[in-house]
Amino acid sequence: MSEAKVNPYLILAIGVISVSTSAILVKVASAPAGVIAFYRLFFTVLFMLPIFLIKYVHELRHITKKDWLFCMISGVFLAFHFILWFESLNYTSVASSTVLVTLQPLFAFVGTYIFFKEKFSWKAIISAVIAIAGCIIISWGDFMISGSALYGDMLALIACALVTGYLMFGQSVRQRVSLITYTFLVYANSAAVLFIYVITVQEPLYPYPASDWLYFVLLALVSTLLGHTLFNWSVKFLSTSTISMAILFEPVGAAVLAYYLLQESLVWTQVLGGFIVIGGLSIFLLDERSIRKKQLQSQLIKMNSSKR
């Protein structure tokens, strides 16, 4: 991992708070899941286009074929993550959907161990289990092993696996490609995939009420540019597993917003689960930060020794 000039944990926190608005905006929009996902990324690409053309377009000449491929795969994963997650919100509650879609450590721990050879302390593993248990408690009252709720839960779980893959490919590419170039390519490719999907399944691109267009823009500006883009910035400095752990806070924010804005009930299990999530997350991040500090100190000692 590289070293950042700005505290990456602060940036990650802003990203998590921003992306917590996503489920609320999707829930209140009347458009189909594929259309919401398409316009979310379409507007994101439009907002990014001027700065990309002015300052970053020359970087395209230096991107390797491998990184091009990884950007394309990452875009496909992100597209279908949005489709499945947005669709899940039509069948289950905000709390259940966001809990399942943020259980990324289950996938990230295995993936980063296999592909990046990352090792984890027992404290990190235990803290992950605690946080995941908190997520399950948050939506305990919403889980129903039958009918449409179960279908929505399965969609959210698959979406969770896809977004973990998206972050893992990003962790590799972001070591070599700038934030704006990488995110622009991924979002543009994802928007193209979503456009093809919408046309294929014959979901109408218009007309929609003015409120929906406002939600599309807010999804682009807040949930994506201040959410996913900050995650993509963070993967250069933090592990995918660390980011996945931080995203576990999203169900807490989403449940609170759903309570105030959508009048979805917030029961004691969700409150208790929220505190457990925060506790497990805090243990993990403190342990991960301690490990990184020791690694930096070790590197400095080796550098000083080599200079002698």
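By convention here, the first residue in the shown sequence is residue 1.
When only modelled atom types and interatomic distance are considered, T183 and T229 share no side-chain donor-acceptor pair under 3.5 Å.
A donor-acceptor contact shorter than 3.5 Å is absent between the side chain of T21 and the backbone of I17. The backbone N or O of W85 sits less than 3.5 Å from a side-chain atom of S88, completing a donor-acceptor pair. At least one donor-acceptor pair under 3.5 Å links the side chain of T200 to the backbone N or O of I196.
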What donor-acceptor contacts under 3.5 angstrom involve side-chain atoms of residues 69-77, with partners at least two apart or in another chain?
from : atom 1 : to   : atom 2 : distance (Å)
S74  : OG     : Y166 : O      : 3.4
S74  : OG     : Y182 : OH     : 3.0

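Considering all non-hydrogen atoms of both residues, V35 and P204 come closest at CG2-O, 3.4 Å. Between V222 and S18 the shortest heavy-atom distance is O-CB, 3.4 Å. Residues P8 and S234 approach most closely at O-OG, 4.2 Å, considering heavy atoms. For the pair T164 and C160, the tightest heavy-atom approach, listed with the atom from each and the gap, is OG1-O, 2.9 Å. The two residues D212 and A31 have their closest heavy-atom pair at OD2-N, 3.1 Å. Residues A79 and L194 share a closest heavy-atom pair of O-CD2, 3.6 Å.
L219 CG to L41 CG: the interatomic distance, rounded to the nearest 0.5 Å, is 9.5 Å. Interatomic distance, L89 CG to L155 CG, rounded to the nearest 0.5 Å: 10.0 Å. Atom-to-atom distance recorded for H62:NE2 and T181:OG1 is 10.0 Å, nearest 0.5 angstrom. The line from OG of S178 to CH2 of W233 is 14.0 Å long, rounded to the nearest 0.5 Å. Summarising the geometry, atom OG1 belonging to T224 is positioned 8.0 Å from atom CG belonging to L78; distances are rounded to the nearest 0.5 Å. Between atom OH of residue Y56 and atom CG of residue L185 there is a gap of 13.0 Å, rounded to the nearest 0.5 Å.
No more than 12 heavy-atom neighbours from other residues, nucleotides or ligands sit within 6.0 angstrom of CZ on F195.
A heavy-atom distance below 4.5 Å is not found between the side chains of L221 and L226.
The cluster map of Ile, Leu, Val, Met, Phe, Trp and Tyr, joined by side-chain heavy atoms under 4.5 Å apart, puts I51 and L46 in the same cluster. Linking Ile, Leu, Val, Met, Phe, Trp and Tyr whenever their side-chain heavy atoms come within less than 4.5 Å puts L225 and L53 in one cluster. Hydrophobic clustering, with ILVMFWY side chains joined whenever heavy atoms are under 4.5 angstrom apart, groups Y206 together with F38.
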Exercise for review: Under the side-chain contact (heavy atoms from CB on, under 4.5 Å) rule, what do V193 and F80 come out as? Steps first, then yes or no, please.
Suggested key: CA-CA 9 Å; V193 171; F80 284 96; 3.8 Å; yes
Exercise for review: Please report the C-alpha distance between F47 and T44 in whole Å, then the side-chain angles of each, then the deciding distance to 0.1 Å, and finally whether the side-chain contact (heavy atoms from CB on, under 4.5 Å) criterion is met.
Suggested key: CA-CA 5 Å; F47 293 142; T44 300; 5.5 Å; no
Practice item. Take F231 and V19 through the side-chain contact (heavy atoms from CB on, under 4.5 Å) test and state the conclusion after the steps. Key: CA-CA 10 Å; F231 294 157; V19 84; 4.0 Å; yes
Practice item. Using the side-chain contact (heavy atoms from CB on, under 4.5 Å) rule, take R40 and S22 through it: C-alpha gap first, then chi angles, then the decisive distance, then the call. Key: CA-CA 10 Å; R40 171 177 179 167; S22 183; 2.9 Å; yes
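In terms of the salt bridge (charged side-chain N to carboxylate O under 4.0 Å, His left out) criterion, residue partners of D67 (sequence neighbours excluded) are, by chain and number, R176.
If you run ring pair (Phe, Tyr, Trp, His ring centres under 6.0 Å) between Y39 and each of Y208, F216, F82, F86, only F216 comes through.
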